[in-house]
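Every value quoted in this text rests on a predicted model; they were computed, and no experiment measured them. Per chain, numbering begins at 1; letters A, B, ... match sequence-line order.
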Amino acid sequence: MKQKNSMTRQKRKLWIVINYLSIILILSIFYTGKYYDWPVFVIVCEAASFILLIFSFIKVFIKTQLWKMSHASENNLDERQLQLMLKSIKYSYSAFTIIVLVIVYGFAIAEQGPIDVVIAACLLYFAHTLPAAIVGWKEKII
Amino acid sequence: MKSRKLYNRIAVLRKEKNITRKELAEIIGVNFQTIGYIEREEYNPSLDLAFKISEYFGLPIELIFSTKPLKPLIEEIIELKNKIGEQ
């Protein structure tokens, strides 16, 4: 019987890449819009990339149950799932710390002041999805 | 530390009992994919889970799990019988 959350690892990896590329796209378009004072075309592109982000999020995190698994309480996971989550949280902690440091240092060096709210929102999204993305990336079957 | 590969007979025993992975998973309280991982020998269960499985099948743990590749169960039972007979 085909499982509801079945998606090949290759497809999962592709959608994870699309999801994180859409964040980069949102940020790039945001700064382009800020620089050119938000022409209509840029607003449309920003909206399109936001839709892509939501669509890929549903496809890779919600439909595959990755989001549910990464946000479930310890009591609702079995020992293998718990082990998976602990490993992925360990990796995502290191990755997230490095990325945040690079961004904060980048802003400090460029004398841009504090980070924008859009970057903060993207980092928050990144922090919440990274453990699930690592499980989705590494595991054959979820 | 990298753990040793654990061989097991769960797939055979499960088929003999005529139950699905999902049913076995529900009985012992794990996700059904975990049963698949254990059967494919891609995941070593904890001692507690191994005991739960052996209790369910009503067999000693060493008849279900081994660090060496397992022989067919019938051969193992004949060997065991012979050993008992010799004693």
Answer yes or no: are there more than 12 heavy-atom neighbours, outside [X] itself, under 6.0 Å from its atom [atom1]?
X        : atom1 : result
Phe50(A) : CZ    : no
Lys68(A) : NZ    : no
Tyr31(A) : OH    : yes
Glu74(A) : CD    : no

Could you tell me the separation between the OH atom of Tyr37(B) and the CG atom of Asp78(A), rounded to the nearest 0.5 Å?
-> 11.0 Å
In Å and rounded to the nearest 0.5 Å, what is the NZ to CZ distance from Lys140(A) to Arg40(B)?
->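 It comes to 6.0 Å.
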So, does Glu79(A) use its side chain to make a donor-acceptor pair with the main chain of Leu49(B) at under 3.5 Å?
-> no
Using the rule that two of Ile, Leu, Val, Met, Phe, Trp, Tyr join whenever any of their side-chain heavy atoms come within less than 4.5 Å, decide whether Leu59(B) and Ile35(B) are in one cluster.
->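 Hydrophobic grouping puts Leu59(B) with Ile35(B).
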Which atoms of Gln81(A) come close to chain B, meaning under 4.5 Å heavy atom to heavy atom: side chain ones, backbone ones, both, or neither?
-> side chain
Ile141(A) vs Glu42(B) side-chain heavy atoms within contact, under 4.5 Å =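 Ile141(A) does not reach Glu42(B) side chain to side chain.
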Are any non-hydrogen side-chain atoms of Asn31(B) and Arg80(A) less than 4.5 angstrom apart?
-> yes
